[in-house]
2 protein chains.
Amino acid sequence: MHYTRDNMAGLLRSHDINPTHQRIEIAYALFSRQEHLSADQVMAIVNTRHSETSKATVYNTLKLFLEKGLVREVIVDPSKVFFDPNTSPHHHLYEVDSGKLSDIDAEHVVISGLPPLPAGMVTEGIDLIVRVRRTS
Amino acid sequence: MHYTRDNMAGLLRSHDINPTHQRIEIAYALFSRQEHLSADQVMAIVNTRHSETSKATVYNTLKLFLEKGLVREVIVDPSKVFFDPNTSPHHHLYEVDSGKLSDIDAEHVVISGLPPLPAGMVTEGIDLIVRVRRTS
DNA sequence: CGCCGATCTGGACTTTGTCTAATATTCGGA
DNA sequence: TCCGAATATTAGACAAAGTCCAGATCGGCG
């Protein structure tokens, strides 16, 4: 799959999101790179040429994408949230020193022995984060 | 084990931490409750009577406790970090709506099938967070 | 073309956390 | 017990991420 700006409109529509210029740019930033980006990084990318999209819009849009299931939130760094265009089940590898974040395919990972949930609760998601450090 | 302020001095010393009044109060807040507290909450608890401990000290002290392995950091909420006085291996259950955070004993949980780490990397920790929501 | 709801915007604001330079406390030794 | 050095604490200014709002703008449709 190759992502273009034209693709994005369809992708947004299929998730029940009105495709505006700004939303297409933001989606394109995330999907064309297939990387974990923070709101700051998205802003920087989208505004490389001339300033085009405001901070408020970037935050609003990312929140909208999140609600509509277009992206996923990854909380590994206390100082900022990352947004992940990969919504298929997977886990994360976080390099503590460099801040580099990468995916771990969930296909072969098995988590067993979790206790039953408290009554009246449903699982919204299971986040598994492997924190690694360069050997010193 | 029953925690008293007097206990705390020994606990701190055993972790190579100089036991000062403020540090004892902060340690006592965490250990006597055995709960996950944010820096804000620690501040509020420690300063209930009259203002006794400054913001800077609370943050400095929590960071020190972290370095010395006295507490653990739990990153589940993008807006604040929680500190966990339980350093034995365990996982976390996070109630998304209420923000309530509780422990899952690691004893019976098995995680298998993780891919090998990139060369020159060591695992610093594995965080498993089960995000749950009340059935609506 | 003009309307109307949806979207975008700048900028003020909040919250969490950091930094700094001055002050205070603690600890070990005599 | 007293002293000096090292360590710890403090208030308050600052920084960064994120939220909020009221007004401006857009874009599709009649």
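Below, chain A is the first sequence line, B the second, and so on; all start at residue 1.
To the nearest angstrom, P of C/dT7 lies 11 Å from CG of A/D16. Look at CG on B/N18: it is 8 Å from P on C/dG28, rounded to the nearest Å. Taking atom CG on B/L37 and atom P on C/dG17, their separation rounds to 13 Å, with Å as the unit. The CD1-C1' distance, from B/I17 to C/dC27, rounds to 17 Å in whole Å. Going from atom CE of B/M43 over to atom P of C/dT15 covers 13 Å, rounded to whole Å.
Using modelled atom types, one finds no donor on one side chain facing an acceptor on the other under 3.5 Å when comparing A/D40 with A/S38. With hydrogens and angles left out, the side-chain atoms of A/N86 and A/H36 include no donor and acceptor closer than 3.5 Å. Looking only at atom types and distance, the side chain of B/H90 has no donor-acceptor partner in the side chain of B/D105 under 3.5 Å away. In this structure, a donor-acceptor pair under 3.5 Å is absent between the side chains of B/Y28 and B/N7. With no hydrogens or angles considered, no side-chain donor-acceptor pair links A/D6 and A/T4 at under 3.5 Å.
One finds a salt bridge joining B/D127 and A/R131 here, because a Lys/Arg side-chain nitrogen approaches an Asp/Glu carboxylate oxygen to under 4.0 Å. A salt bridge between B/D97 and B/R134 is absent, with no side-chain N of the basic residue lying under 4.0 Å from a carboxylate O of the acidic one.
No contact: B/S38 has no heavy atom under 4.0 Å from any strand.
Contact annotation: B/Q22 side-chain N/O to C/dT25 OP1/OP2 distance is not under 4.0 Å.
Side-chain contact check for B/L70 versus B/T87: every heavy-atom pair is 4.5 Å or farther apart. The shortest distance between side-chain heavy atoms of B/T61 and B/T20 does not fall below 4.5 Å.
Proximity of residues 58-87 of chain A to DNA chain D (heavy atom under 4.0 angstrom from any strand atom) is restricted to A/Y59, A/S79, A/K80, A/V81.
Running 5' to 3' along DNA chain D, contacts with non-hydrogen atoms of chain B at under 4.0 Å begin and end at D/dA8 to D/dA13.
Of the two residues contacting DNA chain C, namely A/T20 and B/K55, the nearest-nucleotide position lying further toward the 5' end is that of A/T20.
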